[in-house]
Amino acid sequence: MSQRLVVIGSQWGDEGKGKITDYFACRADMVVRYQGGNNAGHSVMFNGKKYSLQSIPSGIFNPATINIMGNGMVINPESVVLELQKLKDQGISDYKLYISDRATMVMPWHSDLDGAYECIKGGKLIGTTKKGIGPAYSDKYNRIGLRMGDMLEPEYFAERLAAALEVKNKELEMLGLKPYDYKIVFDRYMELADILGSMIIDTSALINKELREEGKKILFEGAQGMMLCIDHGTYPYVTSSTPSAASVPVGAGIAPHWIDNVLGVAKAYCTRVGEGPFPTELHDEIAHEIRERGHEYGTVTGRPRRIGWFDAVIARYTSRLAGINSWSLMLFDVLSGLETVKICTHYELDGKVVDTPPSTISKFARCKPVYIELPGWKEDISGIRNYDDLPEAAKVYVKKIEEITQVPVGVISVGPDRTQTIIISDTLKNF
Ligand code: IMP
């Protein structure tokens, strides 16, 4: 029987999933992305070099690992080609990569429309990455999407493209944007089919085969974070997919019973990019210090990230929704040097104590954090590799998170490099 591990973001994205996925990818036989697209920005650092990935799975650096871009993703083939070229320029060209024939494509008009919708929303911007993710998922559910496998059948693709453009060009013109020329798009996608064609397969069949093999290790790599979930996040300030472990079965094409080990990636504090409520947000010198020390600037957009204290209300909520078995506590070293550290245990909303996020952002924006305050620690912990060697105050902080969230901490990250990782959980040590 195989071993499965799902790694998901449990806050607002950018929790450091790239690093931790890469850590486990080194031992994995297969790494699968199952939702989102090139709106994700995963940074991976090893051998002193920094790599950034957007739509390509984090197992790409290990020549033996099979990497899958699953059917639940929205994939921009142009950007896949660019990402592969960038990796090649950095010396990464020996890999195994497969793309689902059922994944919806992000077409050039989707990014145009993403930008245009943001403008016509006036002051109420979502702050999207403008990669066309929302418009691509909308077309998928409106059944006018084009899928990766369509490109492999030119006549079929021609029909689907003509049908899509009939609608999309009208929409573009209505919004004052330039329509697309059928022939130019068709020819370019035939070129892309030539480049990527050999990678486009029925990935569900391949994953299911691997699942049944003795001793295989399969990693499912989530993108974004649970609070950006289209269903359970801070709607409408969310992405257009479900970053939860719950979407692995659909987005990878496997049965739900295979999902039994979920690692929730959480920063030791909290960050958010884009708009939307953020109860523990800080606007003081501490925010500035954490932002600079943690290099808290978006990988995709370069925007400074908003900074706040660890929010256990969110942590409890996301662990309940996604079945998180253990936490991977990231950027723990960034908190060193602070006089005191805080954890938000509850909110106060209109005079009442609440312990789960409300459904509307108007209420969420009124939630005031209730904190416990703990002593900080001064020591540089970036060289520590064993839990027992952490300063006492840092251990108290970890224990408090476990106690308040009722979920054990299985991994602690003390720096960006692969080696700067403390594995506490025995199950994870064996993966
Ligand atoms: P979209 O996914 O581009 O539609 O953007 C919707 C919201 O999700 C915006 O607030 C983005 O900043 C946020 N978002 C999308 N992808 C990521 C990510 O990988 N990390 C953090 N935030 C993200």
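Each ligand, and each atom within it, is numbered from 1 in the order the structure gives.
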Under 3.5 Å: donor-acceptor pair, side chain of Asn208, backbone of Ser204: yes
Separation between CZ of Phe278 and CZ of Arg272, rounded to the nearest 0.5 Å: 8.0 Å
Contact check, side chains of Met148 and Asp101, non-hydrogen atoms, under 4.5 Å: no
Which atom of Ser100 lies closest to which atom of Gly70, heavy atoms considered: CB-C, 3.6 Å
Spacing of CG belonging to Asp284 relative to CG belonging to Leu282, to within rounding of 0.5 Å: 5.0 Å
Does ligand 1 have any N/O atom under 3.5 Å from a protein N/O, and what are those pairs and their distances?
residue, atom, partner, partner atom, Å
ligand 1, 2 (O), Asn39, ND2, 2.9
ligand 1, 2 (O), Thr239, OG1, 2.6
ligand 1, 3 (O), Thr129, N, 2.9
ligand 1, 3 (O), Thr129, OG1, 2.6
ligand 1, 12 (O), Gly127, O, 3.4
ligand 1, 12 (O), Arg303, NH2, 3.3
ligand 1, 16 (N), Asn39, O, 3.4
ligand 1, 16 (N), Gln224, NE2, 3.3
ligand 1, 19 (O), Asn39, O, 3.4
ligand 1, 20 (N), Asp14, OD1, 3.1

Plane angle bin for Tyr180 and Trp109 - parallel if under 30°, tilted between 30 and 60°, otherwise perpendicular: perpendicular
